[in-house]
Engineer: 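I'd like to ask you about the structure that follows.
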Amino acid sequence: MQNRRQWMKLATAAISALWLGAAALPTPAAAAEKLTVFAAASLKNALDAANAAWAKESGKEAVASYAASGALAKQIENAAPADVFISADLDWMDYVAKKSLIKADTRSNLLGNKIVLVAEKDKAKPVEIKRGFDLAGLLGDGKLAMGEPKSVPAGKYGMAALAKLGVWKSVETKVAGAESVRAALALVSRGEAPYGIVYQTDAAVDKGVAIVGTFPADSHPPIIYPIAILAESKNPDASAYLDFLKSDKAAAFFTAQGFTILK
């Protein structure tokens with residue numbers, strides 16, 4: 001009887017040791033924590049390629065969530081879990097910065113871009129974009145697809161350019177404001193709008209549209225994509241990820257899509 005009790009004590013101790021040892025080991029999630037990136041919709045193709053290269057080089061995974069910069073900033077404000085934010089303009093990065101939602105010392109300007117006028121590929125004809133050009137006449141009864149002018153960066157840049165060129169008032173009522181620049185691009189690609197204002201990089205990835213004109217750089221504020229680590233991020237790989245996106249290796253993916261690299 002005594003031998004049996006001793007055996008049971010030994011067995012219990014062994015099981016406890018195994019359990020404690022297993023508890024001390026990192027779980028798969030902890031061992032390979034994914035890095036979450038909130039990124040402007042216009043970055044999708046280039047950032048997907050850069051993230052794949054990051055995963056191959058580091059063995060770590062970066063998962064991007066794409067949407068309009070304003071929508072992402074609001075999600076960050078509402079405590080959505082993320083590690084890195086890449087905005088398509090300075091305004092929305094400033095918005096989260098003023099609320100102390102980013103680590104200020106990690107903020108920098110990553111990329112630049114251009115805005116262009118696009119048309120459905122089969123109907124595309126060159127348009128000279130200059131002061132007073134007849135965009136309203138080109139649209140006829142159709143709509144001008146662009147990001148929502150009051151909130152989506154591409155729409156804000158587009159509205160600023162049209163205002164500077166003296167055209168905005170003639171087309172304001174014809175605008176089909178989309179939730180993101182990619183949504184505006186899709187309206188033209190599907191033939192639901194004869195013209196649209198999008199980033200040059202977006203036009204390059206959609207075979208259903210063609211660029212018919214480029215807006216002068218001095219017609220709108222500089223198009224800048226800032227990047228920063230979010231204040232609530234605890235991911236130890238966030239800094240290394242930012243360094244990778246600023247490297248020459250990552251630059252190749254961005255320039256291939258038409259972005260300019262800001263140093």
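Sequential numbering from 1 along the given sequence is applied to the chain's residues.
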Engineer: Counting C-beta onward and ignoring hydrogens, is there a side-chain heavy-atom pair between F244 and E57 closer than 4.5 Å?
Structural biologist: yes
Engineer: Taking only residues two or more places apart in sequence or in another chain, which ones pass side chain to side chain donor-acceptor pair (under 3.5 Å) with K121?
Structural biologist: none
Engineer: Donor-acceptor check, side chain of N45 to backbone of V205, threshold 3.5 angstrom: yes or no?
Structural biologist: no
Engineer: For a 4.5 angstrom cut-off between non-hydrogen side-chain atoms, does L185 reach Y199?
Structural biologist: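 Heavy-atom side-chain distance check fails, nothing below 4.5 Å.
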Engineer: I need the minimum non-hydrogen distance between A203 and V116, along with the two atoms involved.
Structural biologist: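 Result for this residue pair: CB-CG2, 4.2 Å.
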Engineer: Side chain to side chain contact (heavy atoms under 4.5 Å, CB included) for V175 and W168? Distances and angles first, verdict last.
Structural biologist: CA-CA 10 Å; V175 168; W168 175 248; 3.9 Å; yes
Engineer: With a 4.5 Å cut-off on side-chain heavy atoms, are T255 and T260 touching?
Structural biologist: no
Engineer: Identify, with sequence neighbours excluded, every residue that meets ring-ring contact (aromatic ring centres under 6.0 Å, His included) alongside Y66.
Structural biologist: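 Testing Y66 for ring-ring contact (aromatic ring centres under 6.0 Å, His included), a comparison that skips the adjacent residues, returns none.
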Engineer: Could you list all the salt bridge (Lys or Arg N to Asp or Glu O under 4.0 Å) pairs where at least one residue sits in residues 213-224, not counting sequence neighbours?
Structural biologist: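 Listed by first then second residue: nothing to list.
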Engineer: Between Y225 and S42, is there a side-chain donor-acceptor contact under 3.5 Å, judged purely by atom types and distance?
Structural biologist: yes
Engineer: With sequence neighbours left out, write down each residue that passes salt bridge (Lys or Arg N to Asp or Glu O under 4.0 Å) with K246, or none if nothing qualifies.
Structural biologist: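 Applying salt bridge (Lys or Arg N to Asp or Glu O under 4.0 Å) to K246 gives none.
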Engineer: Is the backbone of I229 close enough, under 3.5 Å, to the side chain of T106 for a donor and an acceptor to pair up by distance?
Structural biologist: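 Checked: pair present.
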Engineer: Does any non-hydrogen side-chain atom of L139 lie less than 4.5 Å from one of P194?
Structural biologist: yes
Engineer: Quick one, I129 and T214 - any side-chain contact, counting heavy atoms below 4.5 Å?
Structural biologist: no
Engineer: Counting only heavy atoms not in E232, do more than 12 fall under 6.0 Å of its CD?
Structural biologist: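 No.
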Engineer: Contact between L162 and M159 at the side-chain level, heavy atoms closer than 4.5 Å - yes or no?
Structural biologist: no
Engineer: May I ask you to decide if L90's main-chain N or O and S87's side chain share a donor-acceptor pair within less than 3.5 Å?
Structural biologist: no
Engineer: Could you tell me whether D94 and R107 have a side-chain N and a carboxylate O separated by less than 4.0 Å?
Structural biologist: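 Looking at D94 and R107, the cut-off is met.
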Engineer: In the hydrophobic cluster built from side-chain contacts under 4.5 Å, what are the other members alongside I102?
Structural biologist: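 Result for I102 is F38, L72, I76, F85, W92, M93, Y95, V96, L101, L230.
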Engineer: Going by the side-chain hydrogen bond (donor to acceptor under 3.5 Å, both in side chains) test, which pairs reach into residues 146-155, not counting sequence neighbours?
Structural biologist: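 Sorted result for residues 146-155: empty, none.
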Engineer: Are D89 and I223 side-chain neighbours, meaning at least one heavy-atom pair lies under 4.5 Å?
Structural biologist: no
Engineer: Any idea which heavy atoms bring A46 and F253 closest together, and the distance?
Structural biologist: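 Result for this residue pair: CB-O, 3.7 Å.
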Engineer: Can you see which heavy atom on N235 is nearest to which on K34, and at what distance?
Structural biologist: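 Result for this residue pair: ND2-O, 3.3 Å.
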Engineer: Of all the heavy-atom pairs spanning N51 and A64, show the shortest one and how long it is.
Structural biologist: ND2-CB, 3.9 Å
